[in-house]
Amino acid sequence: MRNVIKTNSFSSQARRGALNGVTIRISLLYSRIVVLLVACSMLIACDDIRFPRDPEKTLETVLADGEMTVAFADNPPWVTFHGKEPPQGIEVDLVRAFAEELDVAIDWKRLGAFSALEGLERGDIDLAIGGFDRKDVTPVAGAAPSFVYFKEVFAVGARPATTGSDELEERKVYVPQDLPLTKIVENKGGIPVEAWSDAVDYAAGPRWLLETKGLRPTEIELHRAEHVMAVRQGESAWLMRLERFLRRETKDIEARLREIVQ
Amino acid sequence: MSRSIRTMPEEQKKALRRARWLEGIWIVVLATIVTAIYFAVGSSQAMKTAWIEDLLSFVPPIAFLVGSWIEGWKPNRRFPLGYIRVASIAYLISAVALGGVGIFLIVDSSIALIKQERPTIGSAELFGVTIWFGWVMIGALAYSVVMPVIFGHLKMKPAQSLHDKTLYADAIMNKADWMTGLAGIVGILGIGMGWWWADAVAAIMIALDVLHDGFKHTGAAIRDLSDEMPRTIDDKEFDPLIGKVQKTFEALPWVRESRLRLREEGRFLAGTIYVVAHENCLSAEVIDAAEAKLLTLHWRLHDISIMPRAKIEQTLTVDGEDIHALPAVGRPAAKAHNPRGLTFTT
């Protein structure tokens, strides 16, 4: 009996010893992680170490090849394309200025909005534009949106002469064909029409456009678009470079839009 | 003669007030942490996991506050024994919530890893300067690390004094929270280094930690509610009070043979003593006196029934050998501590 007890307490001591060993090893592991962390931060602090980096090296490749592949989808006034001429538009201008800053050439590829975004995942496209809304980009696996460089509010505008309440109930609202606002206008009780005539007092469109056309924007908001460009998912360095440029160059987007219309 | 949270000694009452204040302030601090991380989550899986873990940290303090409030209700016709077991139920709820979310987080992070979802972290503009958003995330995580560690230490003392397992589990989790924050930071630095998998791996590490806590505490809570013999708050060994009650009772001159069974009811202990008395010694008065004596041993002793018997049946004794059949943590140490096993017979 005594023997048994002895063995028991011995084995439990041994077990406790082993447990202590585990604790020491774990705390060693964590102190190593802390050291690693400090080392990382020190490395990052140096300028010649590139941080963040791209898993697929998009930025490095673009700079080394002196060329970037840009997919575009038609969506005026952001991207306009007429047959053989090179694309035009606000986003096209931005991309050209970005390429100039990087000192690289642009290989334009005309694609549908969805294939432009999908092409990012395969890696054969570096940048996709087409007046994308953030909500268009996020669901596509393999594509990552840039920050929202321009917020566009779509509202209902009224002729300055109209007075009284701006309720849409039973009123005709002009909805331009290229805007997907028909359903929203109907939901608000209005009657969407396809032509702008004297019989129509209300029109739907982005607020800046309504103002340029001399309409009075009402409180009725139809939609908010958050404009982004898209890059391949995970390419943080490439995205950082693009966003640095966009943050600097997109402060006057609204003025540019008005300019194009007038 | 039953006791409750209202009849605790002054020291415990003070500890309870302190604990309630601590948990109240902690909930506010936690809300600021959760808000800070919410705005910094971005596309990082590890950040998302850390955020959900922080969100989950609301459960134990709320369970404690609600539990200790209900516990103070007076016994009534429907609940003649009072509400002292609410503490055990609160503990079980916290533990199950922890385990469930742990599993969810592991699955979620593994899917991110398998689908090779690559977190992209872009820029942020702070006071006119464009910086990498990863630094903002790391800042938020660093903030989420400091406070829990401080609060974890502060909660430890009242938890031990009150023998409150919910509070104790909460304190331990808070103290361990720095590992979560660190794992998140390593994950984000990994993304910055271009290792897309670092983030998901860090998230899985955090989730494993959550699951481990949940598993451990669910087990302890279920064992409490299954009337396990009382164990110390860290669940490492049997409560020394068992031996104290046993010794005190055995020392009574009229006791010939006795069997003690104790169980935990929340922070309190209740139980039965089967006793064979020496001939012609037994009366209602000696039993009353014995019960009063036992209840003065410790404030946690809540209700002890003394049951006189002609002889103690074999079925009523816990055999020392069955101890190996119980898959519980820390049993071997307990056995070494008490080589006869769990045989509290005289």
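A note on names: the letters A, B, ... follow the listed sequences, proteins ahead of strands, and every chain is numbered from 1.
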Scanning both residues in full, the closest heavy-atom pair of A/S236 with B/P119 reads OG-O, 4.3 Å
Next on the checklist: I'd like to know whether CH2 of B/W195 has more than 12 heavy-atom contacts from other residues, nucleotides or ligands below 6.0 angstrom.
Outcome noted: no
When every non-hydrogen atom of A/P52 is compared with those of B/W132, the smallest separation belongs to CG-NE1, 3.3 Å
- Could you tell me whether a side-chain N or O of B/T120 sits under 3.5 Å from a main-chain N or O of A/Q233, the two making a donor and an acceptor? no
The reported gap from CD in B/E125 to CZ in A/R248 (rounded to nearest 0.5 angstrom) is 11.5 Å
Looking only at heavy atoms, the pair that brings B/S123 and A/M240 closest together is CB-SD, 3.4 Å
Whatever's closer than 4.5 Å to a heavy atom in chain A on B/I131 counts as backbone
Does the distance from a Lys or Arg side-chain N to an Asp or Glu carboxylate O, for A/E56 and B/R118, drop under 4.0 Å?
yes
### Message
Heavy-atom count check: over 12 atoms from other residues, nucleotides or ligands less than 6.0 Å from B/F215 CZ?
### Response
no
Going through the distances and angles, do B/F133 and A/F147 end up as a side-chain contact (heavy atoms from CB on, under 4.5 Å)?
-> CA-CA 11 Å; B/F133 191 65; A/F147 81 103; over 6 Å; no
Check your understanding: Around atom CZ of A/R96, are there more than 12 heavy atoms of other residues, nucleotides or ligands at under 6.0 Å?
Key -> yes
